[in-house]
Each structure stands twice: as structure tokens, then as C-alpha cells.
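Structure record follows, encoded as C-alpha cells.
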Amino acid sequence: MAASRRVTSAVAAVLDMAPRQGEVSIIRLVKAVSDNRSRPIEIEQVELPPGVCGQWRQYSDHDTFLIQKGLPAWDRTLAHELGHLVLGHQGIPVVQAAKEATEVATDDLIGYMLNQRTGCMGPSGEDAEQEAEDFAALLSYRLGRLPSDRSSIVQVRLGEAFG
Ligand SMILES: [Zn+2]
């Protein structure tokens, strides 16, 4: 794994915020980051345009991570979007997101906004996508090394979060 020092320390910082008690899932880490910066992060499971896995929207007082409904590797996508946020990338400002929701997204628009490789929708360039991917890979790896199998717990928490 060839993650940059920037990515490595961002992952360490996020894991540092993890609750000292109980299971550590991606969703709990998102909550921990949200508490740490005193700005709510909401997670929503929605129908996104075909080929899109995730999207980060920035509102005036909170952030929202949109995850494609029925996505098998949703936690990886969530980690990817969290990576964008903690690495200081820019999400989609809500004005643009609202405009996009009211218009039928054309192939051109999707081509412009969607990174074909990561399935991430946002204005960030290739470098930012690579950083977010490295972050997600490293975070998943570190979480996977924490004691006990957490996959069933994560499923339960996903139900709670998306309830
Ligand atoms: Zn991305």
C-alpha cells in the first residue's frame, strides 16, 4: 500500500477520534468526525444516477454523504467520501446540488461531474479521487485489523443509520 504521508496521518487522526468503547464501524467514525468538527454529517441512501456510487454535498450548516441505494460496497464508498472531507477536498455546494436535482442529468453533466474510475460524483479532480481512494483503502485495512469480526454489526448499524 503506497498511501502518502498526508493520507496516512488523516487515517490515524480519524481512528484517533474513534469511540474508546464498543465496535468501530465506518458509520461510527463518520459520527466521531462530525462531533469533532461540531458540524453534522448526515448519511443518506438514495437513488443516484447510474454509475454513481457516492456524492458529498455541502450545505451551509451540515454535510451530507449520499450513497447509492443497494450498493454492495457502501462502507467503502462512505470511507471514500469521508476521505474527501477530512483531506480538505471540496464537496458539491448545495446550490449546485439543488439545480442538478431539478434538472434531468444529461450524460454530459454526469461525465463532467462523475469520476468514472471511482464512481464518485463531485468537482474534485483525479488527484483528489486518488487520495480519497487511498484513504478508504487504508481505513478499511486498519478497521479490518481491529479485533473481532464487525461485518454483522456494521450491517445492523447501516439499518439504523438509513432507517
Ligand atoms: Zn471521490
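Whatever order the structure lists them in is the order used to number ligands and atoms, beginning at 1. The structure displayed is predicted, hence computed values, not measured ones.
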Q: Ignoring hydrogens and angles, tell me if any N or O in the side chain of Gln45 forms a donor-acceptor pair with the backbone of Ile67 under 3.5 Å.
A: no
Q: Spell out, as yes or no, whether a donor-acceptor pair under 3.5 Å connects the side chain of Thr8 to the backbone of Ser4.
A: yes
**Q.** Heteroatom test (N, O or S) for Glu133 near the Zn ion (ligand 1), limit 2.8 Å
**A.** no
Q | N/O/S from His84 sitting under 2.8 Å away from the Zn ion (ligand 1) | A | yes
**Q.** Salt bridge flag under 4.0 Å for residues Asp63 and Arg37
**A.**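 Result for this pair is yes, salt bridge flagged.
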Q: Classify the angle between the aromatic ring planes of His84 and His80 as parallel (below 30°), tilted (30 to 60°) or perpendicular (above 60°).
A: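 Ring orientation of His84 relative to His80: perpendicular.
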Q.
For the Zn ion (ligand 1), give me the closest N/O/S atom belonging to Glu129, just the atom name.
A.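 The nearest such atom is OE1.
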